[in-house]
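Right, one structure below, let's go through it.
Residue numbering restarts at 1 for every chain, and letters A, B, ... go by the order of the sequence lines.
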2 protein chains.
Amino acid sequence: MKKPMDCISLPSKSTEERIREAAKRVFLEKGFDGATSRDIADAAGINIALTNYYFRSKEKLFINIFEEMVQLFFNGMVDIMNKPISLREKIAELIEHDFQLMKANPTLSLFVMNEIHRNPERMANCIGLMKQVHHSMFEEQLQQEVSQGTVRPISAMHLMPMIFCNIQFLFIGKTMHMKMWQMSDTGFDEFADGHKQLVIDMITNYLFEFEKV
Amino acid sequence: MKKPMDCISLPSKSTEERIREAAKRVFLEKGFDGATSRDIADAAGINIALTNYYFRSKEKLFINIFEEMVQLFFNGMVDIMNKPISLREKIAELIEHDFQLMKANPTLSLFVMNEIHRNPERMANCIGLMKQVHHSMFEEQLQQEVSQGTVRPISAMHLMPMIFCNIQFLFIGKTMHMKMWQMSDTGFDEFADGHKQLVIDMITNYLFEFEKV
DNA sequence: CAACAATTTAAACATTTGTTTAAAAAAACC
DNA sequence: GGTTTTTTTAAACAAATGTTTAAATTGTTG
């Protein structure tokens, strides 16, 4: 009777994609609880019933968006972690990438953290991604350099949050920081850009400049 | 006719406080959008109508809790910033305090960040608190030491997020970190405790150990 | 064109939501 | 003890929410 997409007839990609894009915007801004089906339909400029016609429920639509966001969150990170470059370069690239990601998606980190906290089960399908992070080249590369004595002894479990917390925290608390230091939107971007370099300096300085045995 | 508390008759503190405590738990866990009046009433073990009898609306009750949480978030921080101790001690104490605060209120940071982002106007009454942070002794103390050359040149605007991001990010992403590194709850606490010391080392090392002019 | 399937719409559905009402119960007061 | 005020309750309210229905429209195919 009513199936949106079948084998041959290519689905009216435009409508389905319009819904996805609208849902992405609305969910990222308001979260699952704060977003209503009508919000999304309005943002997409379509009838409410269509959201459930293409995706079967608000929950399913959300999962769809959420998993894409988790991938966006982790994929670029994993790619860099597996690059054949020095640890020093890798850390700088990771922070630079994090900055670009947050600049392009200022609410991504807060959204992911929040939704994972509110409903950890939804993360089930994303555990594979996180394992990719865990089992990337980064961890062994770090331990190798540690045992060589070229880098300060530290585990990846401690180093990784150090790398990502700085930029992400800036954007997680963007509204707060802007109010506290009376920054404009462009002022914040400049601030974050400067901060990025400080963070790279601090972390690499900490890791590589120390009293070697 | 019906005013809960008047000048003389002390309000049945027990009920009002039960509601506040329940609301605190529920709001911190689910956020404003995710929490329902019935959730709170159930958690407090009272009739739904009582939440609006003591506080006039869900919004008013939330503001009440939210502002307390923002104070909890900033007050201890400001106290330490105004202490007459060295910058080095101050930074260590700030991080230590942040850790204790997060340990006692694991969802506080995520809650505050999230609600500020969702509805920045609610922060209106809290701007004074943030100004206290801005205009504490910390900022001039830092610049004084910078001009003395005893500390690496950096502004408070950059240093403060560096101090607070590490611990708070750990707790903001607690669920994620636990899943990623397969930690138990106590495992996480130990991890965070160890992390705290690394962060103190990294920041003080960065600030105080550098090529002095 | 006719017949069928896919898409879109307006309207309604049952729940849930925040809030209010009016009466009952408890407490305070003289 | 009787009266008044304060607190608590059950029930209801309108509005909002996720979802479904059935008809209308559009598109496709023989």
Given atom [atom1] of [X] and atom [atom2] of [N], what is their separation to the nearest angstrom?
X: B/Y54; N: C/dT20; atom1: OH; atom2: C1'; value: 17 Å
X: B/I40; N: C/dT17; atom1: CD1; atom2: C1'; value: 12 Å
X: A/I48; N: D/dG18; atom1: CD1; atom2: P; value: 9 Å
X: B/D39; N: C/dT17; atom1: CG; atom2: C1'; value: 11 Å
X: A/I46; N: C/dA10; atom1: CD1; atom2: C1'; value: 14 Å
X: B/F55; N: C/dG18; atom1: CZ; atom2: C1'; value: 16 Å
X: B/N47; N: D/dA11; atom1: CG; atom2: C1'; value: 10 Å
X: B/E16; N: D/dT6; atom1: CD; atom2: P; value: 15 Å

N/O (side chain, B/T15) to phosphate O (OP1/OP2, D/dT8) under 4.0 Å: yes
Phosphate OP1/OP2 of D/dT8: any B/Y53 side-chain N/O under 4.0 Å: no
If you compare all heavy atoms of [X] against all heavy atoms of [Y], which two are closest, and at what distance to 0.1 Å?
X: B/G34; Y: A/D33; value: CA-OD2, 3.4 Å
X: B/L28; Y: A/H117; value: O-CE1, 4.3 Å
X: A/A156; Y: A/P161; value: O-CD, 4.1 Å

Between [X] and [Y], does the ring centre distance come in under 6.0 Å?
X: A/F191; Y: B/H158; value: yes
X: B/H195; Y: B/F169; value: no
X: A/F73; Y: A/F66; value: no

Worked check of ring pair (Phe, Tyr, Trp, His ring centres under 6.0 Å) between A/F27 and A/F62: CA-CA 8 Å; A/F27 278 140; A/F62 177 80; 4.9 Å; yes
Nearest to the side chain of [X], heavy atoms from C-beta on, is which of [options]?
X: A/L50; options: D/dT6, D/dT20, C/dT8; value: C/dT8
X: B/A49; options: D/dT8, C/dT7, D/dA10; value: D/dA10
X: B/N52; options: C/dT7, C/dT20, C/dT9; value: C/dT20

Interface residues of residues 56-67 of chain A with DNA chain D (non-hydrogen, below 4.0 angstrom): A/S57, A/K58
For DNA chain D, the residues among residues 23-38 of chain A that have a non-hydrogen atom under 4.0 Å from it: A/A35, A/T36, A/S37, A/R38
Salt bridge (Lys or Arg N to Asp or Glu O under 4.0 Å) against B/E89, all qualifying residues, sequence neighbours excluded: none
A/K196, NZ: over 12 other non-hydrogen atoms inside 6.0 angstrom: yes
